Amino acid sequence: MSGITKAALFTLAVPLLAAPALAADQPPGALALKRVLLSTGGVGYFEHEARVSGDAALTLEVRRDQVDDVLKSIVVYDDRGGIGTVDLPGQEPLETAFRELPFTPQDLASPTALLNAMKGAEVQTSGSRAVSGRLLSVTEEYTQLPNGGGTVTRNRVSLMTAEGLRQLVLEETDSLRFADPRVQAQLDSALAAVAGAAGKERRRLTIRTTAPQADPGTERTVRVAYVVAAPLWKATYRLTLPESAPGSAKGTEGGTGDLQGWAVLENLSGDDWKGVELSVASGNPVTFRQALYSAYFVNRPEVPVEVLGRVLPPPDEGAVAADVMAKAQDSAVRSRAAAESGAPTAMAAPPPPAPAPAMSAPFAGAMPQRAAETTPAESTEATAQVLFRYPQPVTLANGGTMMMPITARAIPAERLSLYQPNTQPRHPLAALRLSNGDSGETGLPPGVLTLYERLGGAAAYVGDARLATLPAGESRILSFAVDQAVTVDRSEQPSRTLSRATLADGVLQLTVTDRQTTTYRIAGAAGEDRTVIVEHPRRSGWELVQPSDGAAPDLTADAYRLPVAVPAGQTVTLSVALERPRIERFGISEMSPEQVRAYASSTELPPAAREALTKVATLRGAVADKERRVGELEREQAEIGKEQERLRQNLATLPRDSDLFKRTIAKMGEQETRLDGLSRELATARKEADTARNTLRDQVRGMTF
């Protein structure tokens with residue numbers, strides 16, 4: 001990047017900085033926020049630091065909604081001392097305070113609720129009527145005001161005194177107190193707990209550290225860090241392209257652009273950042289929450305109480321001989337002796353467990369410190385992420401927003417046009433191919449990019465683009481405008497090819513190749529050459545067979561990227577073909593004659609296959625004719641049966657000596673004669689149909705090709 005660009009970048013960064021806080025500003029033993037790392041995983045790493053000597057108890061306040069994350073991730077670094085315990089108040093201190101009290105927090109909502117909760121307690125009243133007794137109840141009563149002025153609510157207190165039951169109106173007494181000092185103390189404690197819980201949206205953690213045994217008075221640095229939820233920081237970029245040479249071919253020039261990257265972040269931690277070391281991390285870490293601050297109880301099964309019954313000793317069945325017992329005891333003694341001496345034995349006891357490591361072992365090393373760099377942000381490739389550390393201390397008030405520069409360098413940028421049919425069907429998109437060279441550069445996090453171009457010594461806005469994650473050594477295509485100078489016409493032509501056919505066991509199996517051909521006609525710009533990258537959609541199960549010359553195309557998740565050189569003022573055609581083989585199976589016996597004849601006439605099949613299918617078609621036609629004859633006879637038989645049923649119903653209403661009755665009888669006789677003939681014909685037709693089907697089945701089973 002040029003010196004002018006760097007100077008401008010550092011000028012913008014100056015208002016973000018503040019003088020670092022001096023160590024003398026912090027009281028001894030106090031934890032001060034020193035380091036903040038914000039991650040694109042939606043969390044932030046906060047590291048506090050203190051100078052201590054000897055055993056120390058460090059306090060740290062965190063918001064109530066952060067306690068679960070703090071308990072999950074808190075870590076203590078002490079290079080000389082050790083770590084003891086971390087203490088904090090319970091999650092529900094108010095419920096804990098009321099657990100041993102005879103009333104609940106809800107009972108403090110009104111005097112009536114409190115007095116009813118304390119039934120049986122001894123109270124004393126003062127005023128016009130001084131009464132002492134035990135509480136029975138407090139009930140509401142409504143009194144009508146004179147002249148229709150409404151009603152007033154009063155609370156009547158019933159007490160059991162030495163003189164008997166007495167009542168008084170609570171609103172008419174000057175005071176009412178509990179006679180038992182212990183009850184009064186419980187009430188005072190409860191009210192204090194309510195007052196304290198009203199403002200306890202934060203929890204105070206106490207971290208206890210232990211001094212080294214060799215030199216307990218040595219002053220040392222203790223760091224306490226944790227990971228909590230934090231707003232997602234955002235990356236934004238500005239890319240300035242050099243001025244294009246007149247008539248140059250877009251997509252063939254290998255220039256560079258000046259890239260500036262910024263991190264936009266917020267401080268919503270609840271505390272001001274004063275002179276902290278600020279870093280941001282780009283990655284996709286696994287982050288989750290767990291309710292560690294909640295108390296869980298295990299459901300235990302209830303077992304019945306065992307009741308001992310009468311004891312009935314079993315009869316004696318003998319004992320082991322004394323010499324056998326002696327041998328067993330002697331063997332046990334020898335085994336224990338061998339184990340203690342280290343000799344191998346099948347009964348040797350397992351070795352004693354290794355001593356547990358000291359509590360300070362996991363936190364023995366302090367966080368490494370990195371020297372400040374002269375670049376806007378020091379970038380480092382870490383495990384599955386990229387770190388950007390700002391080299392100067394940063395101050396940002398709680399609730400504030402700031403921009404932190406994360407990169408400033410030259411980056412290779414190639415101009416081209418990208419055709420995406422689903423985005424713009426008629427015109428390609430003006431685009432850039434950014435290459436993040438592998439010359440020690442780190443990856444770039446995803447973000448939005450604003451594109452500028454120098455024209456006549458001044459910069460002009462060109463468009464916006466979205467940059468996906470760009471690791472080192474890879475490239476990305478960024479679209480920022482519609483290229484109206486180039487027009488694309490697209491047409492599709494599906495086709496189907498029969499590549500193989502087999503017939504065995506009466507099953508016709510066809511191997512069919514489906515082909516989808518897409519033709520792109522690209523009309524180039526009038527005054528300059530273009531490199532157009534066509535994104536052709538990928539389809540699951542389909543293979544790219546055209547174009548077949550040249551190198552394999554680049555692949556995205558759902559498209560092929562096919563480059564096409566388009567000279568100025570010319571039209572270039574690109575044909576892209578995808579193929580998919582598939583298998584079709586048909587039972588010849590179940591196919592209609594028309595289907596069999598259609599396959600038999602296909603010129604794609606070899607002559608032997610067509611001859612066999614032609615014979616099958618003839619046999620299948622004969623079967624169809626026989627089945628058609630059977631169907632005709634069955635229909636005629638059914639029609640005569642319906643007609644006879646009608647005639648029988650008519651006969652029931654006709655006089656037996658009438659002419660119509662006689663004609664009906666004669667017609668029914670003729671129909672009976674026809675039914676006898678139909679039965680014989682139908683039997684013959686069915687036999688012929690069965691014979692034709694058997695012939696077809698036998699012929700088909702014997703055919704193979």
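All residue numbers in this chain count up from 1 along the given sequence. Fair warning: this is a prediction, and the values are worked out from it, not measured in the lab.
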Keeping [X] on the side-chain end and [Y] on the backbone end, is there a donor-acceptor pair under 3.5 Å?
X	Y	result
Ser73	Asp69	yes
Asp258	Thr240	no
Trp233	Ala281	yes
Asp107	Thr104	yes
Thr450	Arg238	no
Ser39	Gly42	no
Asp483	Pro428	no
Thr209	Ala56	yes

*Tyr419-His427 aromatic ring centre distance below 6.0 Å*: no

*Can you name the residues that form a salt bridge (Lys or Arg N to Asp or Glu O under 4.0 Å) with Arg476, not counting sequence neighbours?*
Glu474

*For Asp554, what residues pass the salt bridge (Lys or Arg N to Asp or Glu O under 4.0 Å) criterion, not counting sequence neighbours?*
none

_CZ (Arg538) with more than 12 external heavy atoms under 6.0 Å_ = yes

*asked:* Show the nearest heavy-atom pair for residues Leu434 and Ala413, with the distance to one decimal.
replied: CD2-CB, 3.7 Å

_Considering all heavy atoms, the nearest Leu268-Pro231 contact_ = CD1-CG, 3.5 Å

Looking only at side chains, do [X] and [Y] share a donor and an acceptor under 3.5 Å apart?
X	Y	value
Gln392	Tyr390	no
Ser269	Asn267	yes
Arg204	Thr59	no

Residues [X] and [Y] bridged, charged N to O under 4.0 Å:
X	Y	value
Asp78	Arg223	no
Arg289	Asp65	no
Lys234	Glu266	yes
Glu49	Lys34	no
Glu277	Arg389	yes
Glu219	Arg80	no
Arg208	Asp87	yes

*Could Lys72 and Phe288 be counted as a cation-pi pair, given that NZ or CZ must be under 6.0 Å from the ring centre and within 45° of the axis?*
yes

*asked:* Leu37 vs Arg35, test: side-chain contact (heavy atoms from CB on, under 4.5 Å). Steps then yes/no.
replied: CA-CA 7 Å; Leu37 187 149; Arg35 295 170 189 85; over 6 Å; no

*For Tyr452, enumerate each residue passing the side-chain hydrogen bond (donor to acceptor under 3.5 Å, both in side chains) test, keeping only those at least two apart in sequence or located in another chain.*
none

